[in-house]
Asks: 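The following block contains the structure, expressed as structure tokens.
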Amino acid sequence: MVQAKKITIAIDGYASSGKSTLGKDLAKALGYIFIDSGAMYRGVALFALEQGLLDSGNLNVSELVAKLPEISLYFTMDATQVLMLNGRDVSLEIRSSKVSEVVSAVAAVREVREKLVDLQRAMGSEGGVVMDGRDIGTVVFPKAELKLFVTADLDTRSQRRFEEMQKNQPSSTFQEVKNNLSQRDSYDTQRSISPLSKAEDAILIDTGSISREEQLKVALELVETVLGHEV
Ligand code: DC
């Protein structure tokens, strides 16, 4: 039997733009692995917080770099993706507002990015992967067969993240969530190493203007075009 070709799909975009929702839906429809690379940066940020490397908000970069070899990160491939940090399930903790506040600073450290990009490439080495993040189409998988760039306006994204956070952290206000997203947007687009940017060959999807089902339909049609057959 001829093995169906499995491609690599890169999804980049702003915080809470709906990348992960589309990525998960797409991976499920295709029987691919989904990897949320932002969760990995959040895992390192949680480690830095727990090690006391963020004294009064300032990241101790040299200490973090020295401790990077102590960090083991992997996903269990259950139905709901679980991130393990040094053998411990941190899937919920990495979504806290404390982690959201410091993660962009951690993600701006060159050595952190090098370590995580290596891990991400290893996870996607076999193809059949949908990975979302900020630099997947530009740096991690510049040769990905399909690249999507997902956007939505700041208010739409803030409302989404706010509703999501009501489940675990009902004390956060809409304005706090919006401020954090807008701060992260500028940090992520302006950092010197691998800033968030749309790859030239990425296709734009505005998740604010079409439904979840329509987004999946559009993405699946793009996959079919790349593969040259129906999926
Ligand atoms: O997708 P997210 O909001 O959970 O990502 C958390 C942070 O990690 C985000 O502010 C920027 C950083 N990040 C990154 O720099 N590169 C990636 N590929 C993914 C996330």
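Quantities reported herein were computed from a predicted structural model and do not represent experimental measurements.
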Asks: A quick test of your reading: do over 12 heavy atoms of other residues, nucleotides or ligands sit less than 6.0 Å from CZ of Arg110?
Replies: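 12 or below, so no.
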
Asks: Is there a donor-acceptor pair closer than 3.5 Å between any side-chain N or O of Tyr32 and the backbone N or O of Ile7?
Replies: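 It does hold such a pair.
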
Asks: Hey, are the side chains of Val82 and Met84 touching, using non-hydrogen atoms and a 4.5 Å cut-off?
Replies: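 Yes, close enough: below the 4.5 Å cut-off.
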
Asks: Report yes or no: do Tyr41 and Val129 belong to one cluster of Ile/Leu/Val/Met/Phe/Trp/Tyr joined by side chain heavy-atom distances under 4.5 Å?
Replies: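 Yes, it is one cluster - the side chains of Tyr41 and Val129 are joined through contacts under 4.5 Å.
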
Asks: Can you find a heavy atom in the side chain of Arg121 that is under 4.5 Å from one in the side chain of Val140?
Replies: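 Yes, close enough: below the 4.5 Å cut-off.
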
Asks: A quick test of your reading: do over 12 heavy atoms of other residues, nucleotides or ligands sit less than 6.0 Å from CD of Glu70?
Replies: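 Atom CD in Glu70 is crowded, with more than 12 foreign heavy atoms closer than 6.0 Å.
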
Asks: Measure from the side-chain N and O atoms of Ser17 to the backbone N and O of Gly13, and report whether any donor-acceptor pair falls under 3.5 Å.
Replies: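 Such a contact is absent between Ser17 side chain and Gly13 backbone.
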
Asks: Are the side chain of Asp132 and the backbone of Ser20 linked by a donor-acceptor contact shorter than 3.5 Å?
Replies: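 Pair found, side chain donor or acceptor close to backbone of Ser20.
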
Asks: Does Val150 form a side-chain contact (heavy atoms from CB on, under 4.5 Å) with Leu204? I'd like the steps, not just the answer.
Replies: CA-CA 6 Å; Val150 177; Leu204 197 74; over 6 Å; no

Asks: Looking at Glu93 and Arg42, is any side-chain nitrogen of the basic one under 4.0 Å from a carboxylate oxygen of the acidic one?
Replies: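 No, no charged N to carboxylate O under 4.0 Å.
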
Asks: For Ser16 and Arg157, which I'm curious about, is there any donor-acceptor pair between the side chains at under 3.5 Å?
Replies: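 There is no such pair between these side chains.
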
Asks: Which atom names give the shortest non-hydrogen contact between Asp89 and Ser91, and what distance separates them?
Replies: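 Closest approach of Asp89 to Ser91, heavy atoms only: OD1-OG, 2.7 Å.
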
Asks: Indicate, with yes or no, if Leu116 and Val99 share a hydrophobic cluster defined by side-chain heavy-atom contacts under 4.5 Å among Ile, Leu, Val, Met, Phe, Trp and Tyr.
Replies: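 Linked within one cluster.
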
Asks: Can you give me the closest heavy-atom contact between Gly208 and Ala152, atom names plus distance?
Replies: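 Result for this residue pair: N-CB, 3.9 Å.
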
Asks: So if you build clusters from Ile, Leu, Val, Met, Phe, Trp, Tyr with side-chain heavy-atom gaps below 4.5 Å, do Val106 and Tyr187 land together?
Replies: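 No, Val106 does not connect to Tyr187 through the hydrophobic network.
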
Asks: Under a 4.0 Å N-O cut-off, is there an ion pair linking Asp188 with Arg191?
Replies: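 Salt bridge: yes.
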
Asks: With a 4.0 Å cut-off, would you call Asp135 and Arg113 a salt bridge?
Replies: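 Salt bridge between Asp135 and Arg113, a charged N being under 4.0 Å from a carboxylate O: yes.
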
Asks: For a side-chain contact (heavy atoms from CB on, under 4.5 Å) check, start with the C-alpha distance between Val223 and Leu30, then their side-chain angles and the critical distance, and finish with the verdict.
Replies: CA-CA 9 Å; Val223 173; Leu30 295 167; 4.0 Å; yes

Asks: Hydrogens and angles aside, do Asn179 and Gln175 bring a side-chain donor and acceptor to less than 3.5 Å of each other?
Replies: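 A donor-acceptor contact under 3.5 Å links the two side chains.
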
Asks: Quick one: do Ile71 and Val44 satisfy side-chain contact (heavy atoms from CB on, under 4.5 Å)? Show the steps, please.
Replies: CA-CA 8 Å; Ile71 301 180; Val44 178; 4.1 Å; yes

Asks: Between Glu101 and Lys98, is there a donor-acceptor pair closer than 3.5 Å when you use the side chain of the first and the backbone of the second?
Replies: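 Pair absent, no side-chain N/O of Glu101 close to backbone of Lys98.
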
Asks: Within the 4.5 Å heavy-atom criterion, are Gln51 and Lys67 side-chain neighbours or not?
Replies: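 Sidechains of Lys67 and Gln51: in contact.
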
Asks: Taking Glu213 first and then Lys217, would you say they form a salt bridge - that is, a charged N and a carboxylate O separated by under 4.0 Å?
Replies: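 A salt bridge is absent here (no side-chain N lies under 4.0 Å from a carboxylate O).
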
Asks: Before giving the answer on side-chain contact (heavy atoms from CB on, under 4.5 Å), spell out for Glu164 and Gln159 the whole-Å C-alpha distance, their side-chain angles and the decisive distance to 0.1 Å.
Replies: CA-CA 9 Å; Glu164 203 180 284; Gln159 186 59 34; over 6 Å; no

Asks: Where the side chain of Ser100 meets the backbone of Ser96, is there a donor-acceptor pair that is under 3.5 Å apart?
Replies: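 It does hold such a pair.
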
Asks: Considering all heavy atoms of both residues, which atom of Gly124 and which atom of Phe141 are nearest to each other, and what is their separation?
Replies: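 For Gly124 and Phe141, the tightest heavy-atom pair comes out as CA-CZ, 3.8 Å.
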
Asks: Any heavy-atom pair between the side chains of Leu54 and Asn60 that's under 4.5 Å?
Replies: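 Sidechains of Leu54 and Asn60: no contact.
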
Asks: Are the side chain of Thr189 and the backbone of Asp185 linked by a donor-acceptor contact shorter than 3.5 Å?
Replies: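 Confirmed, Thr189 side chain pairs with Asp185 backbone.
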
Asks: I'd like to know if Asp201 pairs up with Lys147 as an ion pair, taking the criterion as any Lys NZ or Arg NE/NH1/NH2 lying under 4.0 Å from an Asp or Glu carboxylate oxygen.
Replies: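 Yes, Asp201 and Lys147 are salt-bridged.
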
Asks: Does the side chain of Val177 reach to within under 4.5 Å of the side chain of Met165, using non-hydrogen atoms?
Replies: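 Yes, side chains in contact.
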
Asks: Taking Asp25 for the side chain and Leu216 for the main chain, is one N or O donor matched with an acceptor at less than 3.5 Å?
Replies: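 Checking the backbone N and O of Leu216 against the side chain of Asp25, no donor-acceptor pair under 3.5 Å is found.
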
Asks: In terms of side-chain geometry, is the basic nitrogen of Glu50 or Arg88 positioned less than 4.0 Å from the acidic oxygen of its partner?
Replies: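 A salt bridge is present here (some side-chain N lies under 4.0 Å from a carboxylate O).
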
Asks: Are side-chain heavy atoms of Tyr14 and Arg184 found at a separation under 4.5 Å?
Replies: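 Not touching, per the 4.5 Å side-chain cut-off.
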
Asks: Side chain of Lys178, backbone of Ser182: donor and acceptor closer than 3.5 Å?
Replies: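 No, Lys178 side chain to Ser182 backbone: no donor-acceptor pair under 3.5 Å.
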
Asks: For residues Gly43 and Leu73, report the shortest heavy-atom separation together with the two atoms involved.
Replies: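 Distance-wise, the nearest heavy atoms are CA-CD2, 4.3 Å.
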
Asks: Give the minimum heavy-atom separation between Gly23 and Ile11, together with the two atoms involved.
Replies: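 Answer, listing the atom of Gly23 first, then Ile11: CA-CD1, 3.6 Å.
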
Asks: As a quick check of understanding, evaluate salt bridge (Lys or Arg N to Asp or Glu O under 4.0 Å) for Lys19 and Asp12, giving each step before the final call.
Replies: CA-CA 7 Å; Lys19 308 181 293 292; Asp12 290 301; over 6 Å; no

Asks: Of Arg212, Gln215, Arg160, Glu214, which is the lone residue that meets side chain to side chain donor-acceptor pair (under 3.5 Å) with Thr207?
Replies: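 Testing Thr207 for a side chain to side chain donor-acceptor pair (under 3.5 Å) against Arg212, Gln215, Arg160, Glu214 leaves exactly one candidate, Arg160.
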
Asks: Are Val139 and Leu148 joined in one hydrophobic group, where the rule is that I, L, V, M, F, W and Y side chains link up if heavy atoms are under 4.5 Å apart?
Replies: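 No, no single cluster joins them.
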
Asks: Would you say Glu114 and Val117 make side-chain contact, with heavy atoms under 4.5 Å?
Replies: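 Glu114 vs Val117: side chains apart.
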
Asks: Can you confirm whether Gln120 sits close enough to Met131 that some side-chain heavy atom of one is under 4.5 Å from a side-chain heavy atom of the other?
Replies: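 Contact flag for Gln120/Met131 side chains = yes.
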
Asks: On a heavy-atom basis, which atom in Thr8 and which in Ala144 lie closest, and how many Å separate them?
Replies: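 In terms of heavy atoms, the two residues are closest at O-CB, 3.6 Å.
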
